[in-house]
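Working notes, structure below.
Throughout, protein chains are lettered first and strands after them, A, B, ... in sequence-line order, and every chain is numbered starting at 1. The figures here come from the full heavy-atom set of this structure, side chains too, leaving out hydrogens, waters and symmetry mates.
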Number of protein chains: 2
Amino acid sequence: MISESSKRRISESTIHRLSLYYRLLSVLEKESKETVSSKELAEREKLTPAQVRKDLSFFGSFGTRGLGYPVSELKRRIGEILGLDRQWSVALIGVGNIGSALVGYKEFQRQGFNIKLIFDNDQRKIGSNHKGIVVADIKNLEKELRENKIEIVVIAVPATVAQYIVDDVVKAGIKAILNFAPVNLKVPEDVFLRNENMSMELEYLSFALVNLFNGRGTNR
Amino acid sequence: MISESSKRRISESTIHRLSLYYRLLSVLEKESKETVSSKELAEREKLTPAQVRKDLSFFGSFGTRGLGYPVSELKRRIGEILGLDRQWSVALIGVGNIGSALVGYKEFQRQGFNIKLIFDNDQRKIGSNHKGIVVADIKNLEKELRENKIEIVVIAVPATVAQYIVDDVVKAGIKAILNFAPVNLKVPEDVFLRNENMSMELEYLSFALVNLFNGRGTNR
DNA sequence: TTATATTTGTGAATCAATTCACATTCATTA
DNA sequence: TAATGAATGTGAATTGATTCACAAATATAA
């Protein structure tokens, strides 16, 4: 897979759809379904069968003609591609509204994203316990990130301080950052930064209600 | 604008970028910047100037040749397009981890999304106060949604019950739903449904770390 | 064992989004 | 007031993503 993906350039949309397939396959696996066709996957995700097959074909051929894809096996393979076949050490910075929610978000753990450290700068929060993790002082950020071999950092601090925090996170050698603060962050070329913009979809709904209401909705 | 957008089909990406421009223009406005060029907007959002101009051109011509775009005016116009020039009545269903975070999320209010009602089915939560809003019993969902003229519903309940809730929400005549539950929901054609998949970006990071690490990161 | 029905995997074709490139417009300066 | 420079707005060109359509492979039924 690794060589495949460096050969061709895989689009962001394809990766996002792999996430969808992975989640759906987990459901099908629970339902003890043995095989599934691109047609069925497509119907359940509101895509075309060709789209599903094309997405998968970038990474190999996982199906059996005349039969479809083996549910468990395909789930396992997509898990491999997405890096969900391993555990990730995650640190969370900022334990306000959103930070607290993320600590308790079961879906992350289930996928192998383990929050190992929590940081904050508020003395009232430092030392407090969140789901078994003691909140550390942001002052020790770099040292702690290194010592605990953190691989992914989640930013959930106010927009005003996010850039300073990220600068320190980058200094600590972190190469993957998920940002919940509503602000554009600058990172070096070799750091992966993704933004979770919680207002964006709400704004899309607002746009849709105001502009697109000629009768029917347009879903993703 | 309304007629423009029904003439041509505006892509989802364009709308998402309008959200980005809007946020950036708010910053520029605070910095008392009078005008801004497509070049500068593009640089700050890691886009091309042509992309910025094309996006805006779908909705009209807001700039002055030789000068650029007037910051406040453009912000106002994009606000209009996105429906952020008005207040929206929002109901939140499910006040667990994520629901609680959303109640306190300032960014929503700032954009005119006002959480007016909160529902839950847990007797321990019903009647409790969240930022001045008393949690209502999910049993009265339909009645309350109608009486309070709710326009947008945010779903933050466990995946297992989300579809049942959504069915009731649709029955209440709601046409716009934002779903945080990690599950594919079915709604009629005339209802706008958007999904906020919190794991997706984390999975993208995971994918990037495993597959794309030939030195440099690829940011959005 | 053969015939028929399915369904994959994938080049080719189509459709959509992005970028190019430039005429046009306006601000500014001499 | 004319000349210069800057930046928009937009068709055309390009690039990228999606869908088509079909040969190949396999399952299943006769």
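Comparing C:dT18, C:dA12, D:dT8 against the side chain of B:S13 picks out C:dT18 as the nearest. The nucleotide whose nearest atom lies closest to any side-chain atom of B:R53 is, among D:dA27, C:dT10, D:dT10, D:dT10. Residue A:A50 has its side chain nearest to D:dT19 when only D:dG9, D:dT19, D:dA27 are considered. Between C:dT8, C:dG11, D:dG9, one nucleotide has an atom nearer to the side chain of A:S38 than all others, and that is C:dT8. Side-chain atoms of A:S37 lie closest to C:dT7 of the nucleotides D:dT10, D:dT19, C:dT7. Closest approach to the B:T48 side chain among D:dT10, D:dA21, C:dT19 is made by C:dT19 (side chain taken as heavy atoms from C-beta onward).
Heavy atoms of B:T14 sit nowhere under 4.0 angstrom from any nucleic acid atom. If you check every strand for non-hydrogen atoms under 4.0 Å, A:K39 touches nothing.
Using cut-offs of 30° and 60° on the angle between ring planes, the pair B:W88 and B:F113 is parallel.
Nearer the 5' end of DNA chain D, as judged by each residue's closest nucleotide, is the contact made by A:R17, out of A:R17 and A:T64. In this structure, A:K54 and A:G66 both approach DNA chain C, and ranking their closest nucleotides by distance from the 5' end singles out A:G66.
Within a 6.0 Å sphere centred on CD of A:E34, other residues, nucleotides and ligands contribute 12 heavy atoms or fewer.
Side-chain contact check for A:S19 and B:E203: at least one donor-acceptor pair (N or O, by modelled atom type) lies under 3.5 Å. A donor-acceptor pair shorter than 3.5 Å cannot be found between the side chains of B:S89 and B:K149.
To the nearest angstrom, C1' of C:dT8 lies 13 Å from CG of A:L41. At whole-Å resolution of the value, CZ in A:R9 and C1' in D:dT15 are 14 Å apart. Rounded to an integer number of Å, the gap from A:F58 CZ to C:dG11 P is 11 Å. To the nearest angstrom, P of C:dG9 lies 8 Å from CG of A:L56. A:D55 places its CG atom 10 Å from the P atom of D:dT19, with the value rounded to the nearest Å. In this structure, A:Q51 atom CD and C:dT14 atom P are separated by 18 Å, rounded to whole Å. B:L67 places its CG atom 15 Å from the C1' atom of C:dT29, with the value rounded to the nearest Å. The CZ atom of A:F59 sits 15 Å away from the C1' atom of C:dG9 (whole-angstrom rounding).
Distances shown here put every side-chain N or O of A:Y69 at or beyond 4.0 Å from the OP1 or OP2 atom of D:dT26.
With hydrogens and angles ignored, a donor-acceptor pair closer than 3.5 Å exists between the side chain of B:R65 and the base of C:dT24.
In this structure, B:D190 pairs ionically with B:K175, as a charged nitrogen and a carboxylate oxygen lie closer than 4.0 Å.
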